[in-house]
Amino acid sequence: MNNKKAFIFDLDGVIVDTAKYHFLAWQKIAQSLNINFTHEDNELLKGVSRVRSLDIILGLGNVQASQEDKDKWLIQKNEDYLSYLVDMDENEILPGVFKTLQLLKDKNQGIALGSASKNARPILEKTGIISYFDVIVDGNDVTNAKPDPEVFLKAAQLLNIDPKNSIVFEDSVAGIQAANIAEMVSVGIGEETILHEADFIFKDFTVIDENFIESLITK
């Protein structure tokens, strides 16, 4: 019996906590525009593309801008974000993630990244875990942002595994919705009050044990 499944991971907030660096970079843009951008506001950007994120921030401040200005701010934001990543190493990997990846590798499961980030590959390289991923689908490979399921469907396709035999780990509402639309098993990493649409919810990977992973494989 072939029990090989596709285990698809989001990046920011699931594998590494780069969300804090996104926040700092966006906050810098917002402050330059006299927009008050809080941690609560930042929740609106989870799982959302860079272009859409900027539109949300401009909307918070009721700021109208030309496409030329938007393009300039998008470049600036990414440069600021990348500057925070220079010193990234394996210490940025969130607790329990490495154990889960190793377990899936030992059980010969398909492992993919499905992220909106356009910096996914360098982040995985800097943290030393890129070799665990059979497939990487990021913001450079798709045209539709979550909750459109394109990124997850493409990952499953590249693994040659049916979407219905796929499991997605996500920390954003948009990501959980994308997994559900694709008819994949959705595992929320974070707060139950926020990710209540997920099939399963865990605070983090430290509370995900081998029995749960085994149940997903054999289901």
Checklist entry - Does some side-chain heavy atom of Leu101 sit less than 4.5 Å from a side-chain heavy atom of Phe133? => result yes
Checklist entry - Should Asp12 and Lys46 be marked as a salt bridge (Lys or Arg N to Asp or Glu O under 4.0 Å) after you check the CA-CA gap, both sets of side-chain angles, and the distance that decides it? => result CA-CA 8 Å; Asp12 297 335; Lys46 278 191 174 181; over 6 Å; no
Checklist entry - When you look at Phe212 and Val207, which way does the side-chain contact (heavy atoms from CB on, under 4.5 Å) test go after all the steps? => result CA-CA 10 Å; Phe212 175 69; Val207 291; over 6 Å; no
Next on the checklist: Can you see whether Tyr81 has Lys77 sitting over its ring - NZ or CZ less than 6.0 Å from the centre and within 45° of the normal?
Outcome noted: yes
Next on the checklist: Looking at every heavy atom in both Leu58 and Ala65, which two are closest together, and how far apart are they?
Outcome noted: CD1-CB, 4.2 Å
Item to check | Tyr132 to Gln102 - nearest heavy-atom pair and separation | outcome: OH-OE1, 2.5 Å
Item to check | Interatomic distance, Leu104 atom CG to Leu216 atom CG [nearest 0.5 angstrom] | outcome: 9.0 Å
Checklist entry - So, Lys126 and Asp87, do they make that salt bridge, N to O below 4.0 Å? => result no
Item to check | Over 12 foreign heavy atoms within 6.0 Å of CG, Asn62 | outcome: no
Next on the checklist: Are Ile136 and Ile130 packed together at the side-chain level, in the sense that at least one heavy-atom pair is separated by less than 4.5 angstrom?
Outcome noted: yes
Checklist entry - OG of Ser172 to CG of Leu195: how many Å apart, nearest 0.5 Å? => result 7.5 Å
Checklist entry - Would the number of heavy atoms belonging to other residues, nucleotides or ligands and lying under 6.0 Å from CG of Asp106 be above 12? => result yes
Checklist entry - Given Val187 and Val168, is the side-chain contact (heavy atoms from CB on, under 4.5 Å) satisfied, shown in steps? => result CA-CA 6 Å; Val187 182; Val168 171; over 6 Å; no
Checklist entry - How far apart are the C-alpha atoms of Asp209 and Lys99, what are their side-chain angles, what is the distance that settles it, and do they pass the salt bridge (Lys or Arg N to Asp or Glu O under 4.0 Å) test? => result CA-CA 9 Å; Asp209 61 18; Lys99 175 195 71 175; over 6 Å; no
Checklist entry - How long is the gap from CD1 on Ile213 to OG1 on Thr218, to the nearest 0.5 Å? => result 11.0 Å
Checklist entry - Where do Pro149 and Ala182 come nearest, in terms of heavy atoms and distance? => result CB-CB, 3.7 Å
Next on the checklist: Measuring centre to centre across the rings, with the benzene-like ring taken for any Trp, is Phe205 within less than 6.0 Å of Phe98?
Outcome noted: no
Checklist entry - Just wondering, are more than 12 heavy atoms of other shown residues or ligands nearer than 6.0 Å to CD in Gln76? => result yes
Checklist entry - Tell me, do Ile161 and Ser166 make a side-chain contact under 4.5 Å, heavy atoms counted? => result yes
Next on the checklist: Using side-chain contact (heavy atoms from CB on, under 4.5 Å), reason through Phe37 and Lys28 one step at a time and then give a plain yes or no.
Outcome noted: CA-CA 9 Å; Phe37 183 64; Lys28 188 174 177 181; over 6 Å; no
Checklist entry - Which distance, rounded to the nearest 0.5 Å, do you find between the NZ of Lys164 and the CD of Glu183? => result 4.5 Å
Checklist outcome for this item: Scanning both residues in full, the closest heavy-atom pair of Ser117 with Ser115 reads N-OG, 2.9 Å
Next on the checklist: Is any side-chain heavy atom of Phe169 closer than 4.5 Å to one of Asp10?
Outcome noted: no
Item to check | Lys107 and Glu210 ion-paired at < 4.0 Å | outcome: yes
Checklist entry - About how many Å separate CG of Asn36 and CG of Asp41, when rounded to the nearest 0.5 Å? => result 7.0 Å
Next on the checklist: If hydrophobic clusters are built from ILVMFWY residues whose side chains come within less than 4.5 Å, do Leu158 and Phe7 share one?
Outcome noted: no
Next on the checklist: One pair to check against salt bridge (Lys or Arg N to Asp or Glu O under 4.0 Å): Glu92 and Lys20. What are the steps and the verdict?
Outcome noted: CA-CA 11 Å; Glu92 295 280 355; Lys20 59 191 175 189; 3.8 Å; yes
Checklist entry - Roughly how far apart are Ser83 OG and Tyr21 OH, rounded to 0.5 Å? => result 10.0 Å
Next on the checklist: Closer than 4.0 angstrom, basic N to acidic O: yes or no for Asp141 and Arg121?
Outcome noted: yes
Checklist outcome for this item: On a heavy-atom basis, the closest approach of Ile201 and Gly190 is CG2-O, 3.9 Å
Next on the checklist: Would you say CD of Glu68 has more than 12 non-hydrogen atoms from neighbouring residues, nucleotides or ligands within 6.0 angstrom?
Outcome noted: no
Checklist entry - What are the two closest heavy atoms between Ile129 and Ile93, and how far apart are they? => result CG2-CD1, 3.5 Å
Checklist entry - Does any donor atom in the side chain of Thr193 or Glu191 lie under 3.5 Å from an acceptor atom in the other side chain? => result no
Checklist entry - For the side chain of Asp171 and the backbone of Val14, is there at least one donor-acceptor N/O pair under 3.5 Å apart? => result no
Checklist entry - Does a side-chain N-to-carboxylate-O contact under 4.0 Å join Glu214 and Lys219? => result no
Checklist entry - Yes or no on salt bridge (Lys or Arg N to Asp or Glu O under 4.0 Å) for Lys146 and Glu170, after CA distance, side-chain angles and deciding distance? => result CA-CA 11 Å; Lys146 304 168 189 174; Glu170 260 286 356; 2.5 Å; yes
Checklist entry - Going through the distances and angles, do Asn119 and Asn78 end up as a side-chain hydrogen bond (donor to acceptor under 3.5 Å, both in side chains)? => result CA-CA 9 Å; Asn119 303 300; Asn78 197 48; 3.3 Å; yes
Checklist entry - Is Leu113 close to Val135 at the side-chain level, that is, under 4.5 Å between some pair of heavy atoms? => result no
Checklist entry - Can a salt bridge be assigned to the pair Lys154 and Asp138 using a cut-off of 4.0 Å between side-chain N and carboxylate O? => result no
Checklist entry - CD of Glu43: more than 12 outside heavy atoms within 6.0 angstrom? => result yes
Next on the checklist: With a 3.5 Å distance limit and no angle check, can you tell me whether Thr206 reaches the backbone of Gly96 through a side-chain donor-acceptor pair?
Outcome noted: no
Checklist entry - Taking the side chain as C-beta and beyond, is there a heavy-atom pair between Phe200 and Val185 under 4.5 Å? => result yes
Checklist entry - Where the side chain of Lys5 meets the backbone of Asn165, is there a donor-acceptor pair that is under 3.5 Å apart? => result no
Checklist entry - Checking side-chain contact (heavy atoms from CB on, under 4.5 Å) for the pair Ile8/Ile167: CA distance, chi angles, key distance, verdict? => result CA-CA 6 Å; Ile8 308 171; Ile167 298 96; over 6 Å; no
Checklist entry - Would you call Leu45 and Ile57 a side-chain contact if the rule is heavy atoms closer than 4.5 Å? => result yes
Next on the checklist: So Phe152 and Val137, do their side chains get closer than 4.5 Å, heavy atoms only?
Outcome noted: no
